[in-house]
Amino acid sequence: MVKITDNYLTDKQAFTDAGIKVPSYDIKQKTGATRWVHFGGGNLFRAFHAAIADRLLESGDLDAGVVVAETHDPDVVASVYKQYNDRILRVITHEDGKFEKELFASVADALFFDQSNKDGWDKLFKIFENPALQLATFSITEKGYNLWDSNGNLLPAIQDDIKNGPEAPKNNMASLTALMFGRFKAGKYPMALLSTDNFSQNGERLQKSVLTIAQGWADNGLVPNEFVDYLKDDKTVSFPLSMIDRITPNPSDTVSEQLKKDGFEDYQITHTPAHTNIAAFTNTEEVHYLVVEDDFPNGRPAMEKAGVILTDRDTVNDADEMKVTTCLNPLHTALAVNGSLLGFNSIAKEVSDPDMLNLIKQIGYVEGLPVVTDPKVINPKEFIDQLVNKRLPNPYIPDMPQRIASDTSQKLAVRYGVTIQHYVDDPKRNPADLNFIPLVLATWCRYLMAIDDQGKAFTPSPDPLLSELQPKVSDIKLGEKTDVHAHLKDILANKSIFGHNLYEVGLGDKVEAYFTSQISGKGAVRKTLEDTLSKFAKNVD
């Protein structure tokens with residue numbers, strides 16, 4: 001048996017016997033100043049960013065480990081990072097059943113960044129005050145950047161943070177802005193703030209949130225206007241765009257059991273009180289992409305040596321739009337809402353269903369691919385081919401529709417709204433000609449009822465707008481005559497949700513019609529899907 005905390009340099013054979021590749025460096029000897037901070041210590045970081053840092057530490061292109069700042073769940077730091085000496089075991093699960101195991105020691109420190117944890121708070125401020133810091137990366141999920149409600153008004157907590165200033169912020173965007181104010185005061189040092197979260201225009205969203213808070217503070221006389229100028233000057237602070245792609249679900253029981261058989265002692269999965277599922281190991285797929293705008297005013301690690309594609313802003317935009325609006329994320333959301341209603345608990349099982357597979361092919365190949373821009377660094381059709389034929393069917397990636405369904409209201413404007421906009425802008429196309437995208441939008445409205453296709457209640461995945469939207473459909477009963485327009489009109493006209501007033505682009509009535517069919521009785525979601533595929537599906541084989 002081998003523990004993750006065993007000395008991998010002196011006891012390498014024990015790790016080898018367990019099939020685990022180990023580093024050749026000693027992280028304790030990497031004593032350079034911190035150059036890289038990462039916000040969000042979850043599974044994506046552990047599977048992807050930590051691997052990039054590991055490669056650079058191995059090659060000598062990074063002289064200090066990454067400092068992880070967890071902003072959501074203190075138990076992640078205490079129960080997983082500190083318990084295991086900040087080490088990570090990554091398991092790549094191949095579709096043929098092969099497990100590829102590797103130990104990373106690339107995290108120099110992990111801390112819970114919150115006002116309630118003075119030690120972690122003070123540590124991170126000292127790091128941000130050091131001119132050596134080059135970049136902060138983020139994987140805090142899309143909702144972590146949001147400061148506004150569905151009507152575009154600042155949330156009450158954000159209004160409080162703007163009123164109270166940089167001394168005691170509560171929201172993580174306000175806390176980040178306070179860190180940048182500390183850096184400004186220390187010497188106006190340059191750095192990059194690089195969002196690597198999975199949504200379009202991630203860098204611009206991060207920039208908007210930071211500037212909104214900073215400008216609010218300046219307007220209230222709590223910081224000088226020069227601080228806002230510092231943040232707006234791309235020669236001092238940049239907000240590069242990125243496109244990231246690596247399916248990294250919660251730790252798998254199957255992987256845990258296999259690690260135990262292989263002689264790895266720290267195979268247990270931790271379920272924290274805040275409902276984070278995490279372990280000494282993280283499981284992920286082989287396929288991965290990270291495309292980053294090469295804009296780092298204080299320099300950067302040689303990330304291209306670790307497989308990162310560094311390029312210009314337009315190319316990142318094209319790669320991001322390709323994935324997020326066409327080739328992956330819309331397909332994921334379609335599987336998420338349908339899977340939740342139809343009783344699937346595995347993405348791999350869901351795509352083995354012919355109707356589900358055909359649905360995502362129609363959305364990807366037929367409705368999305370004709371209007372997507374080829375980013376050149378990744379081929380869009382090959383990307384979808386790889387996704388539907390290799391990645392999604394992988395039974396060893398234990399991804400669930402319910403996980404992907406989280407925060408769907410925050411995703412629809414990008415995952416479908418951008419493609420709808422292309423149909424609006426192209427004089428040869430008409431959004432009303434779309435069939436399967438509006439079907440998914442109707443299915444999401446049906447999902448908000450929290451009643452599955454067999455008429456049984458279920459608990460929807462977390463979403464910041466559930467409390468606002470569910471009351472609009474809560475009194476609908478399957479099989480009963482309903483004024484669908486009265487129930488859905490406010491939802492479908494909400495531009496902040498869909499990126500459009502769906503009635504104005506010719507899709508509102510179509511969504512209502514699909515929804516009407518889906519509430520006609522038990523089994524109506526499946527029947528509506530079957531009928532739509534039968535009537536409109538095109539052959540994409």
Side-chain angles (χ1 to χ4, degrees), residues 38-45 48-49 69-73 136-150 152 154-155 157-158 171-176 193-213 239-250 275-276 289-292 316-317 319-337 399 401-419 440-441 444 447 460-466 468-469 494-499:
H38 183 86
F39 289 86
N43 293 305
L44 179 60
F45 166 79
F48 203 170
H49 305 74
E70 169 62 23
T71 61
H72 173 64
D73 188 346
T137 49
F138 300 79
S139 58
I140 56 176
T141 76
E142 187 169 0
K143 65 183 176 183
Y145 302 81
N146 185 49
L147 309 183
W148 299 270
D149 64 20
S150 63
L154 285 171
L155 296 166
I158 305 304
N171 175 270
N172 58 12
M173 287 291 102
S175 298
L176 170 65
L193 299 178
L194 172 61
S195 171
T196 58
D197 272 293
N198 183 19
F199 61 92
S200 289
Q201 304 298 316
N202 47 18
E204 291 185 3
R205 180 89 66 88
L206 175 58
Q207 182 180 36
K208 180 182 178 182
S209 295
V210 170
L211 288 177
T212 295
I213 293 166
F239 296 84
L241 301 183
S242 74
M243 183 281 270
I244 191 166
D245 183 24
R246 187 168 209 156
I247 298 173
T248 307
N250 288 328
H275 307 293
T276 304
Y289 301 95
L290 179 55
V291 185
V292 171
V316 177
N317 261 324
D320 177 72
E321 183 174 311
M322 177 210 72
K323 179 185 81 85
V324 176
T325 73
T326 304
C327 297
L328 190 153
N329 297 47
L331 283 60
H332 249 167
T333 292
L335 293 170
V337 294
D399 216 353
Q402 293 76 14
R403 182 190 76 87
I404 299 167
S406 296
D407 307 321
T408 300
S409 70
Q410 309 296 294
K411 302 171 181 176
L412 296 172
V414 172
R415 297 189 177 191
Y416 300 106
V418 173
T419 293
V440 174
L441 301 183
W444 176 65
Y447 169 92
S461 301
D463 188 306
L465 294 189
L466 280 182
E468 177 182 335
L469 299 177
N494 192 321
K495 293 183 180 181
S496 69
I497 295 177
F498 301 104

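Just so it is clear, the model here is predicted, and its values are computed rather than measured.
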Practice task
With the side chain counted from C-beta on, respond yes when His72 and Ile140 share a heavy-atom pair under 4.5 Å apart, and no when they do not.
Solution key: no

Exercise for the section: To the nearest 0.5 angstrom, please state how far the CG atom of Asp197 sits from the CG atom of Leu44. Expected result: 7.5 Å

Problem - Sub-4.5 Å side-chain heavy-atom contact between Leu469 and Trp444 - result: yes

Problem - Student check: side-chain heavy atoms of Pro330 and Thr419 closer than 4.5 Å - result: no

Problem - Beyond-backbone contact of Gln410 with Thr141, side-chain heavy atoms, under 4.5 angstrom - result: no

Exercise for the section: Please list, chain by chain and in numerical order, all residues satisfying ring pair (Phe, Tyr, Trp, His ring centres under 6.0 Å) with Phe138, sequence neighbours excluded. Expected result: Phe39

Handout entry: Closest contact, heavy atoms only, Leu241 versus Glu204
Key = CD2-N, 3.7 Å

Handout entry: Spacing of Ile244 atom CD1 and Leu194 atom CG [to the nearest 0.5 Å]
Key = 9.0 Å

Fill in the blank from the handout: Heavy atoms of Phe45 and Ser139 approach each other most closely as CB-OG, 4.1 Å

Practice task
Take Phe48 and Thr196 through the test side chain to side chain contact (heavy atoms under 4.5 Å, CB included) and record every step on the way to the result.
Solution key: CA-CA 11 Å; Phe48 203 170; Thr196 58; over 6 Å; no

Exercise for the section: Kindly give the heavy-atom pair with the smallest separation between Ser195 and Asn202, and that separation in Å. Expected result: OG-CB, 3.2 Å

Handout entry: Those residues that, when tested against Phe239, pass ring pair (Phe, Tyr, Trp, His ring centres under 6.0 Å) (two or more places apart)
Key = none

Exercise for the section: State which residue, out of Arg205, Lys411, Arg415, fulfils the salt bridge (charged side-chain N to carboxylate O under 4.0 Å, His left out) condition with Glu142. Expected result: Arg205

Practice task
Heavy atoms only: give me the nearest Leu155-Asn146 pair and the separation to one decimal.
Solution key: CD1-O, 4.1 Å

Handout entry: From Ile404 atom CD1 to Asp399 atom CG, the distance as rounded to the nearest 0.5 Å
Key = 4.0 Å

Problem - Distance-only side-chain donor-acceptor flag, Ser409 / Asp463, under 3.5 Å - result: yes

Problem - Counterpart residues, side chain to side chain contact (heavy atoms under 4.5 Å, CB included), relative to Asn171 (two or more places apart) - result: Leu147, Ile158, Asp161, Met173, Ala174

Problem - Side chain to side chain, Thr212 and Leu154, heavy atoms closer than 4.5 Å - result: yes

Handout entry: Evaluation steps, side chain to side chain contact (heavy atoms under 4.5 Å, CB included), between Asn317 and Met243
Key = CA-CA 8 Å; Asn317 261 324; Met243 183 281 270; over 6 Å; no

Fill in the blank from the handout: So OG of Ser461 and CG of Asp407: to nearest 0.5 Å the spacing works out to 8.5 Å

Handout entry: Asp320: partners by salt bridge (charged side-chain N to carboxylate O under 4.0 Å, His left out), with sequence neighbours left out
Key = none

Practice task
Please name the pair of heavy atoms, one in Asn43 and one in Thr248, separated by the smallest distance, quoted to 0.1 Å.
Solution key: O-CG2, 3.2 Å

Problem - Student check: side-chain heavy atoms of Tyr447 and Thr408 closer than 4.5 Å - result: no

Exercise for the section: Decide yes or no for Leu335 and Pro401: does some side-chain heavy atom of the first lie under 4.5 Å from some side-chain heavy atom of the second? Expected result: no

Handout entry: salt bridge (charged side-chain N to carboxylate O under 4.0 Å, His left out) partners for Glu468, two or more places apart
Key = none

Fill in the blank from the handout: Heavy-atom nearest pair, Gly144 first then Asn172, reads O-OD1, 3.0 Å

Practice task
Decide yes or no for Pro460 and Leu466: does some side-chain heavy atom of the first lie under 4.5 Å from some side-chain heavy atom of the second?
Solution key: yes

Practice task
State which residues pass salt bridge (charged side-chain N to carboxylate O under 4.0 Å, His left out) with Arg246; sequence neighbours excluded, sorted by chain then number.
Solution key: none

Exercise for the section: Please lay out, stage by stage, how Ser200 and Thr325 fare under the test side chain to side chain contact (heavy atoms under 4.5 Å, CB included). Expected result: CA-CA 8 Å; Ser200 289; Thr325 73; 4.0 Å; yes

Exercise for the section: Go through the steps to decide whether Asn329 and Val414 satisfy the test side chain to side chain contact (heavy atoms under 4.5 Å, CB included), and finish with yes or no. Expected result: CA-CA 9 Å; Asn329 297 47; Val414 172; over 6 Å; no

Problem - Exercise: do His49 and Thr137 side chains pair donor with acceptor under 3.5 Å - result: no

